[in-house]
Enquirer: 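Dropping a structure here in structure tokens format, bear with me for questions.
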Amino acid sequence: MALFGQKKTYDTSELKVPVSLGVIMDGNGRWARKRMLPRSAGHRAGAENLKELVRNCCNYGVKYLTVYAFSTENWSRPEDEVDQLMKLFIEFFNKYDPELAEEDIRVRFTGDIESLPEANREVCREAEERSKNRKRMQLIVALNYGGRRELEYAVRKIGQEVKEGKIEPDDISEQTIAAHMYLPDVPDPELIIRPSGEMRLSNFLLWESAYSEFWVSEVLWPDFSYNDLTQAFKDYGRRDRRFGGLSKEDH
Ligand code: FPP
């Protein structure tokens with residue numbers, strides 16, 4: 001019996017499902033502290049819950065799910081916690097690939113992957129390679145990711161192309177910048193969910209979140225459930241996305 005169970009589709013009549021969703025998986029440490037457990041136990045519970053989120057997003061029909069797993073700032077955590085997290089990432093993609101395959105989920109990574117330990121780079125490469133023809137949903141894992149680092153990467157690539165005479169500085173547009181980000185084919189997230197009550201972006205998808213709706217909940221990431229996701233999609237369905245323009249009623 002597969003861990004992801006049967007391929008299902010959920011009722012979406014009273015909510016709106018974003019094509020592209022971002023989730024900042026925050027609160028593992030607090031979840032562990034509340035239970036007098038080590039922080040690594042919180043991350044482990046967080047990884048188990050990621051599996052749930054993936055299944056639920058898939059069944060709701062989300063096409064691109066980007067999750068914030070490790071930021072460029074997270075290296076400042078104690079060495080032991082960083083090591084445990086790196087091991088957990090390796091374990092997760094090896095252990096759950098059969099279930100991801102059964103659900104037809106493609107795995108991709110965004111971030112400064114080249115600076116990760118070799119074992120992690122290897123797992124990222126393998127997970128991307130073996131899943132590249134899967135079609136139902138893309139799970140995009142932000143690993144060693146920073147929005148500013150991504151912009152630095154894009155600017156450097158554009159600078160190189162200018163130097164080589166491939167583009168003129170005056171021709172650089174928003175589209176040029178968007179086309180030089182890590183994963184230019186992934187649509188900007190319409191919705192970003194952040195559990196654990198913090199009201200900040202923490203360097204997640206800075207460029208891509210220009211018009212994203214935010215949904216914040218007090219629930220700690222390992223406890224974030226199907227009901228919370230459903231509530232987020234219901235609330236999102238009631239938002240009036242104007243992109244700097246006017247409401248339909250005001251026209
Ligand atoms: C932030 O919570 C969480 C992280 C830095 C790690 C996120 C990683 C996972 C959920 C593990 C699973 C991921 C994969 C890809 C297998 P925190 O530790 O800052 O929590 P706190 O703010 O309560 O201390």
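In each ligand, atom 1 is the first atom listed, and ligand 1 is the first ligand listed. Numbering of residues begins at 1 and proceeds along the displayed sequence.
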Enquirer: What's the separation between atom CH2 in Trp207 and atom CD1 in Ile177, rounded to the nearest 0.5 Å?
Expert: 4.0 Å
Enquirer: Does any N or O atom in Tyr68 lie less than 3.5 angstrom from one in ligand 1, N or O only?
Expert: no
Enquirer: Does a salt bridge link Asp83 with Arg77, judged by any charged N lying under 4.0 Å from a carboxylate O?
Expert: no
Enquirer: Going by the atom numbers of ligand 1, which of them fall below 4.0 Å from some non-hydrogen atom of His43?
Expert: 4 (C), 6 (C), 11 (C), 18 (O)
Enquirer: Would Glu81 count as a polar contact of ligand 1, with the cut-off being nitrogen or oxygen pairs under 3.5 Å?
Expert: no
Enquirer: Is the ring pair Phe92/Tyr96 parallel, tilted or perpendicular, if the boundaries are 30 and 60 degrees?
Expert: perpendicular
Enquirer: Considering distance alone, does some N or O of Asp26 sit under 3.5 Å from an N or O of ligand 1?
Expert: yes
Enquirer: Taking both backbone and side-chain atoms of Arg39, is any N or O found less than 3.5 Å from an N or O belonging to ligand 1?
Expert: yes
Enquirer: Taking Lys132 for its side chain and Arg106 for its backbone only, find out whether a donor-acceptor pair lies under 3.5 Å.
Expert: no
Enquirer: Using the ring centroid of each side chain, check whether Tyr145 and Phe70 are separated by less than 6.0 Å.
Expert: no
Enquirer: Starting from atom 22 (O) of ligand 1, which protein heavy atom do you reach first, and at what distance in Å?
Expert: Arg30 NH2, 3.0 Å
Enquirer: Any chance you could measure Asp26, atom CG, to Arg30, atom CZ, to the nearest 0.5 Å?
Expert: 5.0 Å
Enquirer: Spell out, as yes or no, whether a donor-acceptor pair under 3.5 Å connects the side chain of Ser196 to the backbone of Glu198.
Expert: no
Enquirer: So for ligand 1, is Phe89 a polar contact partner (N or O within less than 3.5 Å, distance only)?
Expert: no
Enquirer: Just jot down the ligand 1 atoms closer than 4.0 angstrom to any heavy atom of Phe92, in number order.
Expert: 16 (C)
Enquirer: Can a donor-acceptor pair be found, under 3.5 Å and without considering hydrogens, that links the side chain of Ser173 to the backbone of Thr176?
Expert: yes
Enquirer: How close does the nearest protein non-hydrogen atom get to atom 19 (O) of ligand 1, and which residue and atom is it?
Expert: Arg77 NH2, 2.7 Å
Enquirer: For Gly29, counting its heavy atoms only, list the atoms of ligand 1 lying under 4.0 Å from any of them.
Expert: 17 (P), 18 (O), 20 (O), 21 (P), 23 (O), 24 (O)
Enquirer: Which protein heavy atom lies closest to atom 1 (C) of ligand 1, and at what distance to 0.1 Å?
Expert: Met25 O, 3.4 Å
Enquirer: Over 60° means perpendicular and under 30° means parallel, so classify the ring planes of Tyr226 and Tyr10, tilted if in between.
Expert: perpendicular
Enquirer: May I ask you to check if ligand 1 and Trp221 share an N or O to N or O distance below 3.5 Å?
Expert: no
Enquirer: Can you report which non-hydrogen protein atom sits closest to atom 10 (C) of ligand 1, along with the distance?
Expert: Asn28 ND2, 3.4 Å
Enquirer: Within the distance-only criterion (no hydrogens, no angle test), does the side chain of Lys95 pair as donor or acceptor with the backbone N or O of Phe93 below 3.5 angstrom?
Expert: no
Enquirer: Could you list the atoms of ligand 1 found under 4.0 angstrom from a heavy atom of Asn74?
Expert: 5 (C)
Enquirer: Can you pull out the closest protein heavy atom to atom 6 (C) of ligand 1? Residue, atom name and distance to 0.1 Å, please.
Expert: Ala69 O, 3.3 Å
